[in-house]
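Note sheet for the following structure.
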Amino acid sequence: MNDIRNIVILTGAGISAESGLKTFRADDGLWEDHPVEEVATPAGFARDPDLVQRFYDERRAQVMAANPNAAHLALGRLDSEWRPERQRGNLLIVTQNIDDLHERGGARRVLHMHGEALSAWCTTCDARHPWRATLRNGPPCPDCGMASLRPDIVWFGEMPYQMERIYRALAEADLFVSIGTSGAVYPAAGFVQEAARAGARTLELNLEESLGSRFFDETRLGKASDLVPALVEELLAQA
Ligand code: OAD
């Protein structure tokens with residue numbers, strides 16, 4: 001792992017699995033319990049807003065009850081130590097997860113491309129608010145007073161957040177690491193090829209081979225709580 005300066009890390013549901021949060025595509029996963037079209041599309045929300053608000057109320061409560069695991073904590077350490085002013089380089093953690101476990105694990109340079117469970121978005125005035133309570137029964141937007149708050153989540157058919165910033169970071173990356181994501185959902189699933197085109201070394205950490213494994217220079221199989229701390233040690237041992 002020598003001559004690495006700029007690092008982009010993509011995380012998915014697998015990094016939070018050991019914190020007790022369900023992944024999406026496992027046999028007992030979230031999409032097994034709830035059809036995607038019902039709870040993760042604008043059309044589903046229009047059809048049955050109460051069902052969708054209830055689904056995200058549950059997600060919010062589970063996120064608040066969960067704690068970061070060793071993988072989140074290791075990335076928090078990497079984030080505090082891997083800085084240009086320390087003769088390292090840039091780092092960006094792009095997460096598809098809507099939990100705040102990276103932040104609670106100490107990471108600061110985190111971008112939530114699929115939104116956040118603990119945020120509400122007003123579709124009238126476009127404001128976003130930190131939100132920990134229920135969104136059922138139409139609470140008023142603290143800014144405009146309208147009862148038009150929805151979960152601040154990117155649903156299927158909507159544009160993920162901050163794509164320009166992500167592609168800029170990928171274009172400058174020397175190392176791209178994908179952790180605990182199945183490679184089933186684009187555009188995130190395409191980041192590995194984007195990084196490889198820009199000359200980055202690409203590394204996947206996953207419990208098992210994923211749909212995208214063939215695109216990576218290297219895949220390490222195991223639990224995130226083992227593999228991520230080991231990778232961080234390896235990186236920080238770099239001269
Ligand atoms: P998935 O449920 O599709 O994939 C989870 C991945 O984590 C799988 O590849 C597992 O093998 C791996 N995994 C499970 N436990 C692990 C562990 N302890 N250590 C390491 N890896 C582990 O979840 P995502 O890839 O995150 O989008 O799903 C991507 C997007 O699909 C989500 O952000 C969500 C969903 O639809 C939206 O809601 C917009």
Side-chain angles (χ1 to χ4, degrees), residues 1-16 68-116 119 128 152 154 159-181 183 185-206 210 212-213 215-220 224-239:
M1 229 25 108
N2 286 326
D3 298 328
I4 306 280
R5 288 193 58 76
N6 299 331
I7 304 176
V8 176
I9 297 175
L10 172 70
T11 66
I15 199 168
S16 297
N69 65 52
H72 299 106
L73 295 170
L75 291 186
R77 178 175 168 221
L78 186 67
D79 182 58
S80 61
E81 299 201 14
W82 200 271
R83 300 190 161 272
E85 63 272 23
R86 295 193 177 191
Q87 280 44 353
R88 297 294 194 172
N90 288 319
L91 174 92
L92 180 64
I93 300 171
V94 178
T95 187
Q96 298 167 87
N97 299 343
I98 62 174
D99 64 57
D100 63 346
L101 297 182
H102 282 307
E103 287 86 347
R104 283 198 271 142
R108 292 291 165 267
R109 289 169 290 177
V110 182
L111 194 156
H112 286 268
M113 64 178 290
H114 289 166
E116 296 179 62
S119 172
R128 287 182 162 80
D152 189 7
V154 176
M159 182 65 85
Y161 296 153
Q162 306 214 43
M163 293 306 294
E164 270 182 35
R165 200 172 141 208
I166 296 172
Y167 282 117
R168 258 201 322 273
L170 289 172
E172 291 172 0
D174 302 306
L175 174 67
F176 172 76
V177 188
S178 169
I179 305 171
T181 176
V185 175
Y186 282 81
F191 291 170
V192 56
Q193 288 159 292
E194 196 69 26
R197 258 198 297 280
R201 177 174 170 180
T202 58
L203 170 64
E204 177 185 40
L205 309 183
N206 201 311
S210 76
S213 292
F215 299 121
F216 287 84
D217 294 328
E218 186 190 350
T219 292
R220 297 181 187 173
S225 62
D226 292 330
L227 295 178
V228 180
L231 174 67
V232 168
E233 287 294 340
E234 196 180 330
L235 285 166
L236 291 178
Q238 179 181 296

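The residues of the chain are indexed from 1 along the displayed sequence. All figures in this text were calculated on a predicted structure; none of them were measured in a lab.
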side-chain contact (heavy atoms from CB on, under 4.5 Å) evaluation trace for Leu231 with Ile179 | CA-CA 11 Å; Leu231 174 67; Ile179 305 171; 5.5 Å; no

Closest contact, heavy atoms only, Ala195 versus Thr202 | CB-CG2, 4.5 Å

Pairing of Asp217 and Arg201 as salt bridge, 4.0 angstrom limit | no

The reported gap from CG in Asn97 to OG1 in Thr181 (rounded to nearest 0.5 angstrom) is 8.5 Å

Judged by atom type as modelled, is there a donor-acceptor pair below 3.5 Å linking the side chain of Asn6 to the main-chain atoms of Asn90?
-> yes

Find the distance between CD (Gln193) and CZ (Arg197) and round it off to the nearest 0.5 Å.
-> 6.5 Å

Backbone N/O of Asp174 and side chain of Arg5: donor-acceptor pair under 3.5 Å | no

Taking the inter-plane angle between the rings of Tyr167 and Phe191 on a 0 to 90° scale, is it parallel (under 30°), tilted (30 to 60°) or perpendicular (over 60°)?
-> perpendicular

Sole candidate of Leu91, Leu75, Val232 that passes side-chain contact (heavy atoms from CB on, under 4.5 Å) when paired with Trp82 = Leu91

Please report the closest heavy-atom contact between Ser210 and Ser213, naming both atoms and the distance.
-> N-OG, 2.8 Å

Rounding to 0.5 Å, atoms CG (Asn206) and CG (Leu227) come to a distance of 9.0 Å

Can you tell me if CD on Glu164 sees more than 12 non-hydrogen neighbours from other groups inside 6.0 Å?
-> no

Take Arg77 and Leu236, measure what side-chain contact (heavy atoms from CB on, under 4.5 Å) needs, and give me the verdict at the end.
-> CA-CA 10 Å; Arg77 178 175 168 221; Leu236 291 178; 3.6 Å; yes

Taking the side chain as C-beta and beyond, is there a heavy-atom pair between Val177 and Leu205 under 4.5 Å?
-> yes

What distance do Leu10 atom CG and Phe176 atom CZ have between them, rounded to the nearest 0.5 Å?
-> 4.5 Å

Heavy atoms of Leu111 and Tyr161 approach each other most closely as CD2-O, 4.1 Å

4.5 Å side-chain heavy-atom contact, Arg165 and Leu92 | yes

Would you find a donor on one side and an acceptor on the other, under 3.5 Å apart, between the side chain of Gln238 and the backbone of Ile4?
-> yes

Roughly how far, to the nearest 0.5 Å, is NE2 of His112 from CD1 of Ile93?
-> 9.5 Å

Do Thr95 and Ile15 have side chains that get closer than 4.5 Å, going by heavy atoms?
-> no

Can you see which heavy atom on Asp99 is nearest to which on Ser16, and at what distance?
-> OD2-OG, 2.8 Å

Evaluation steps, side-chain contact (heavy atoms from CB on, under 4.5 Å), between His72 and Thr11 = CA-CA 10 Å; His72 299 106; Thr11 66; over 6 Å; no

Nearest heavy-atom approach of Ala71 to Ala224 is CB-O, 3.6 Å

In terms of heavy-atom contacts, Ala171 and Ala198 come closest through O-CB, 3.6 Å

Inter-residue atom distance Met113.CE - Gln96.CD, 0.5 Å rounding | 6.0 Å

